[in-house]
Each structure stands twice: as structure tokens, then as C-alpha cells.
Amino acid sequence: MARKDVALDVSHVSMRFNLSSEKVDNLKEYIVKSMKKEIHRDEFWALKDVSFTLRPGDRLGILGLNGAGKSTLLKVIAGVFKPTKGKVIKKGIMAPMLELGAGFDPQYTGEENIYLYGSVLGLSKDFLKSKYDEIVEFSELGNFIHVPLKNYSSGMKARLGFSIVTQVKPDILILDEVLAVGDAKFRAKSEAKIMEMFDQGVTVLFVSHSLAQVQRLCNKAILLEHGQIISAGEIDEVSKIYESKTGF
Amino acid sequence: MKGYIKGFLKYRFLLQELVKKGIKLKYRRSYLGIIWSFIEPLLTTIVLTIVFSTILEKNIQAFPVYILTGRLLYSFFNQATNAAMKSIRANQSMIKKVYVPKYLYPLASCMYNYVIFLISLIVLVGVSGIYISMGKIHLTSYAFLAIIPVINLFILAYGVGLILATISVFFRDMEYMWSVFVMIIMYASAIFYDANRMLQASDAWKGYLLKLNPLFCIIHNFRNCIYYGKMMSVHMLMYSFGFSIVCLIVGLVLFKKKQDKFILYI
């Protein structure tokens, strides 16, 4: 099970959600509705028996139409969701770039948020202190770093988030559409930064709707449809199938 | 177990940051800032002293000290349990996107309120200093034992906080129910009336009403150390400690069992 050359092992992962037509979160409603037998438990399997293994240095593109379960899969791997069935075994430090700045507090200034978000990612205080200038410089925020985050534009927040998260030296990197951050200039810069991380031999999970980008960055791919893997293997084969599905 | 310790060490800086955030944001944008944490109890004590010493004929010796010893402990319990209860929802944006051990959120809520509580104890030191110098209360070496009920209080608040945090994710009504319940606890904690009159009342049930309240037991033992200057009641200490440990265990087990489902409900 714990072979040395495996960086990430996803085995038979299934994820179920209960879709209640209305969200019941108070006692009165719950009692009334369960007496009337009105609580429907519509089950929805966002992932069905997904399995794959990655070796260190593999770069996996995850393809699929909207609602195929791509983001759910990434959240399961990141540990945000606990899978209903199956398990995920990961080795080393993981940097999830699911949504940048998830740990930000709007009342905090940029500077305080660097320490807060950095600590959410498991970085130490001394490390953040030593990297502080680099983070501020990369984010191009300048004096705005001392302004509360609630006054930031969404681009500024994303830039700050990206600058902090790339300070993590991960073994596994999860990217969910994050290369669409900021303006064209920052996008080029951030892609260069990501490529730099690639060169250090990290294992990558990458979700994007841009097939060209996936083909450029990844060497392997899986194609998801309705929560199931319908194709897995080398990037070229899988992208052919994906192209035939999307009809372009 | 080893995994838990490793996880805790990894995230101790996050815990520190969350505690800091709680304290900072509580007083952000107020001019007096953290000074409020002792002005506020001081002012309410003055109000309570004026109100109750005019209403009640029989005065309690060094009444402000009596009130403070009760009120400071109660208001920590009230604030900490409320903050812990709401901590999961307050941090939902974080919970939805990154993995962090979730017990940290109620723990941080209790801890930052505890820090504020410890700072507010300065008021008690000041006010009781005045009464000691007037000779109205006597400082004894039992004062050192006051640390025991203070520690006990934290365990109780965290245990109760964990239970409330778990329940309130699934049933938001808990927040409203709890606000009523803490009010009942306040009146059953003998904060501004003489506890001994109840304890020695001819109707024994009045005494039991107080003694069954673990928060009262903690307050009473705290008063024994500081205000009465005598040994703690061992019975009450055992009861309040036992109650707190049971709450903590129930809270941890309940929280651990349900935490994976939180994300589906927030």
C-alpha cells in the first residue's frame, strides 16, 4: 500500500451529498417536516468509485464538463471533504490552491493576513517573517499592504493569496483554475512561478477549462463524467476523447 | 494519539494567530481598545453595587469585591461558550476551502476570551486591594489556590463550547436557546445576592439549586480563596471538576464524531 514511488493514491473514492429540496436547520422545521414526512433525501453521488495513483513528479490534468465532479475531487484530496467511501493516501506537504485567500479576514490588513493565511497553510511565523518582503513584492501591493482587506479589489486579494501560497514548498500542488488570477502581466508572472515549482519535481493536480493549458502543463490526464472516470492515461489520448465529447 | 500531537504542533501557530485575531478584532476601531476589558466590568460593578445596595437592606461586606468575583467568571463563561458555539459558522469560509483540524476553532474562541478574562482580573486585584487596605476583607495564603477554580473554569467552558458548537451546526436554534439558558445560569450563580443565605436556607432545595450549578461551585470556591479567605469546599471542587471533565469528554467525542459532516451543513 505505502510504496515508495507513490505520491498520491486515490482508491475507490465516492462522495455522496444529500440534496434536500429545502435546507432544514432548525428544530421546529425538522419536527414539523419529519411528521409530515416531507424530508426528502435525494441522494446525489458527485464521485463514484474514482481511483488513480500518481508517482512523484506526475502532473495530472483533470478534465470534464461543468458538474463532472472535478472540484469535489480536488476538495476530497485536499481533505476538505471526507469521502463517503474509499480513501486518499498522500505523502508529503500539500499546497491546495483551491480558492485563493480562503483564510483571509476582511477586517485585517494585508500584512496581518499574510501571517493569518500563512498559518492556515501550516507555515511557521519565523518562516513568514523571513519571506515577508518577498511576498509583498510579488503581490505588487506596495503601500496597500497596510490597508484592511475589505478595501481591496478582488484582483488584489487574489494576488496576495497567490503570493502567500506559493511560499509553501509543497510535494503535491493542487491548482483549480488559479492561473486566471489578475491581469495579463500578473498571469504571466504567476505562470512562470508555477513552472518554477514544476521544475522542482512537485506532483501536480490541475483543473482548467482551457485544454491548451492542460496539454501544455500536464503529462497525464483523467476525464470525469458524472463523477466517474471515463478515461485515464497519457494526456494526448485523454484530450482526444475530451475533444470528441465537447465536439470541438 | 501521536497523530493528534503532531497535528497540534503543526498548527500551534495557527492557534496562536486565531487567538490573536479574536483579541485584536474585538477591540479594533474603539479608542480605548483593550482597556475596555477592565473598564467594562468596573462600570457594571459600580451600577450593580448602587442598585443592589439600595434595594437590599442587608449589605454584603465589601460588596463590589463580591460582585466582581462572580461577574468576571460568569461573563467569561458566557462569552467563551457563545463564541465557541458560533466559531464553526464564523470560520466557514476557511473550513470550506482548506483542511485545518476543526477543534481549533472553538478552542481559539475559548482561549482568546480567556486571555481577555485574565486581563480583566486586574480590576479585581485593584478593587480588592482597596478593600484589603480598608481592612474589610483579609488576604490569606488561600488566595494562591484561586488558580484552581480559574483553570477549572476554562475546562468547563471548552467542554460546553464543544458540545454547543457541534449542536448549533445542525440546529441553529441552539444559539437562541443557549442565550436564555445562560441567563438562568446567571441567576443561579449568586452573582449579586448572598449565596450563604440560599445555602443555609430552611428550604434545602434552594441550596441544591445553587450547588447543582457547576459554575456556581467554581465561583464559590474562587470566592472562598479571595473573598472569604478560607479553604475551598472540597465537595464543590470535586463536583465542578468532575462535571467539567465529563463535559470535555462528551464534547470531544461528539465533535470528533460529527465534524466530517459540518461542511455539508454550513
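Everything numeric here is computed off the predicted structure, so don't read it as measured data. Per chain, numbering begins at 1; letters A, B, ... match sequence-line order.
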Side chain / backbone / both / neither for B:Q259 at chain A, heavy atoms under 4.5 Å: neither

Contacts of A:Q228 that satisfy side chain to side chain donor-acceptor pair (under 3.5 Å) - sequence neighbours left out: none

Engaged part of A:K125 at the chain B interface, taking heavy atoms whose separation is under 4.5 Å: both

Top of A:Y108, A:Y115, A:F81 for chain B proximity - count of heavy-atom pairs under 4.5 angstrom: A:Y108

Side chain / backbone / both / neither for A:L123 at chain B, heavy atoms under 4.5 Å: backbone

Centroid-centroid distance, B:F262 to B:F255, less than 6.0 Å: yes

For B:I34 against B:S37, the heavy-atom pair lying closest together: O-OG, 2.7 Å

Residues in residues 111-122 of chain B that sit under 4.5 Å from chain A, counting heavy atoms only: none

CZ/B:F181: more than 12 non-hydrogen atoms of other groups inside 6.0 Å: no

Verdict with supporting geometry, B:R12 and B:E17, salt bridge (Lys or Arg N to Asp or Glu O under 4.0 Å): CA-CA 9 Å; B:R12 68 179 191 279; B:E17 279 294 316; over 6 Å; no

B:Q79 side chain to B:F76 backbone, donor-acceptor under 3.5 Å: no

Donor-acceptor contact below 3.5 Å, side chain A:R16 vs main chain A:W45: no

Short side-chain to backbone donor-acceptor contact, A:D58 and A:L54, under 3.5 Å: no

Basic-acidic side-chain contact under 4.0 Å: B:K21, A:D105: yes

Donor-acceptor pair, side chain of B:N213 and main chain of B:A188, under 3.5 angstrom: yes

For chain A, which residues of residues 23-33 of chain B have heavy atoms nearer than 4.5 angstrom: B:K24, B:L25, B:R28, B:R29

Verdict with supporting geometry, B:I39 and B:W36, side chain to side chain contact (heavy atoms under 4.5 Å, CB included): CA-CA 5 Å; B:I39 297 180; B:W36 271 115; 3.9 Å; yes

Residues in residues 87-109 of chain B near chain A [non-hydrogen atoms, under 4.5 Å]: B:S93, B:M94, B:I95, B:K96, B:K97, B:V98, B:Y99, B:V100

Heavy-atom donor-acceptor pair, A:S124 side chain to A:F127 backbone, under 3.5 Å: yes

Geometric cation-pi criterion, A:K193 with A:F138: 6.0 Å, 45°: yes

A:K169 atom NZ, over 12 foreign heavy atoms within 6.0 Å: yes

Neighbour count above 12 (heavy atom, 6.0 Å) for A:H226 NE2: no

